[in-house]
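Below: one structure, written as structure tokens.
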Amino acid sequence: MTPEAQRWERDLDARNRPLTDEELDAMFPSTGYKILEPPPGYVPI
Amino acid sequence: MAMAASAKNRNARLPPEVNRVLFVRNLPFNITSEEMYDIFGKYGAIRQIRLGEKDTRGTAFVVYEDIFDAKAACDHLNGFNVMGRYLIVLYYQ
């Protein structure tokens, strides 16, 4: 792997690491939006 | 640019503004969770959806688990017609 590819992997991992609920709350306005409950049959693809 | 292969182009360089959070505008006011998950769920696993209320009606934040899914959704859903309204889909900064 070239150094550049390694740097790209690290960048991608950083932008794709799982987001915690706290991080989500911090990102969005605290009022005016409600968190939608996924429908019962929802299966993430 | 037309994405030749619809498969995830894993090694494509992603512009900096691309991220997993999409801000959607021009949604029908009476859209339901099922419809939101149906429209946005086609592109990948959804981490969370926040729907606007009262004065933020018609807007929503859609968070995907994977950045490439968010990009695919944004590319395809911008201008998508839902119940007569054309969606505006932007990356949320």
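Lettering follows sequence order; numbering is per chain, from 1.
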**salt_bridge(D11(A), R15(A)) N-O dist < 4.0 Å** = yes
**Message:** Report, in residue-number order, which members of residues 46-55 of chain B are under 4.5 Å from chain A by heavy-atom distance.
**Reply:** I46(B), R47(B), Q48(B), I49(B), R50(B), L51(B), G52(B), E53(B)
**Prompt:** Quick one: are T59(B) and Y33(A) in side-chain contact, heavy atoms under 4.5 Å?
**Reply:** yes
**Prompt:** Given that the side chain runs from C-beta out, which part of A60(B) has a heavy atom under 4.5 Å from chain A: side chain, backbone, both or neither?
**Reply:** backbone
**Request:** Would you mind telling me which of R17(A), R10(A), E9(A) makes a side chain to side chain contact (heavy atoms under 4.5 Å, CB included) with D13(A)?
**Result:** E9(A)
**Request:** Using a cut-off of 6.0 Å, state whether more than 12 heavy atoms not belonging to Y86(B) lie near its atom OH.
**Result:** no
**Asked** Given a strict heavy-atom distance threshold of 4.5 Å, which part of P38(A) is in contact with chain B: side chain, backbone, both, or neither?
**Response** both
**Request:** Report yes if the side chains of R20(B) and D69(B) come closer than 4.5 Å at any heavy-atom pair, otherwise no.
**Result:** no
**Item:** Toward chain A: residues of residues 21-33 of chain B with heavy atoms under 4.5 Å
**Value:** V21(B), F23(B), S33(B)
**Prompt:** Got a salt bridge between K71(B) and D75(B), using NZ or NE/NH1/NH2 to carboxylate O under 4.0 Å?
**Reply:** yes
**Prompt:** Angle class for the F61(B)/Y92(B) ring planes (parallel below 30°, perpendicular above 60°, tilted otherwise)?
**Reply:** perpendicular
**Message:** Taking the side chain as everything from C-beta on, heavy atoms only, tell me whether F40(B) gets closer than 4.5 Å to L87(B).
**Reply:** yes
**Flag side-chain contact, heavy atom, 4.5 Å: M83(B) against E35(B)** = yes
**Item:** Side-chain heavy-atom pair D66(B), Y43(B) within 4.5 angstrom cut-off
**Value:** no
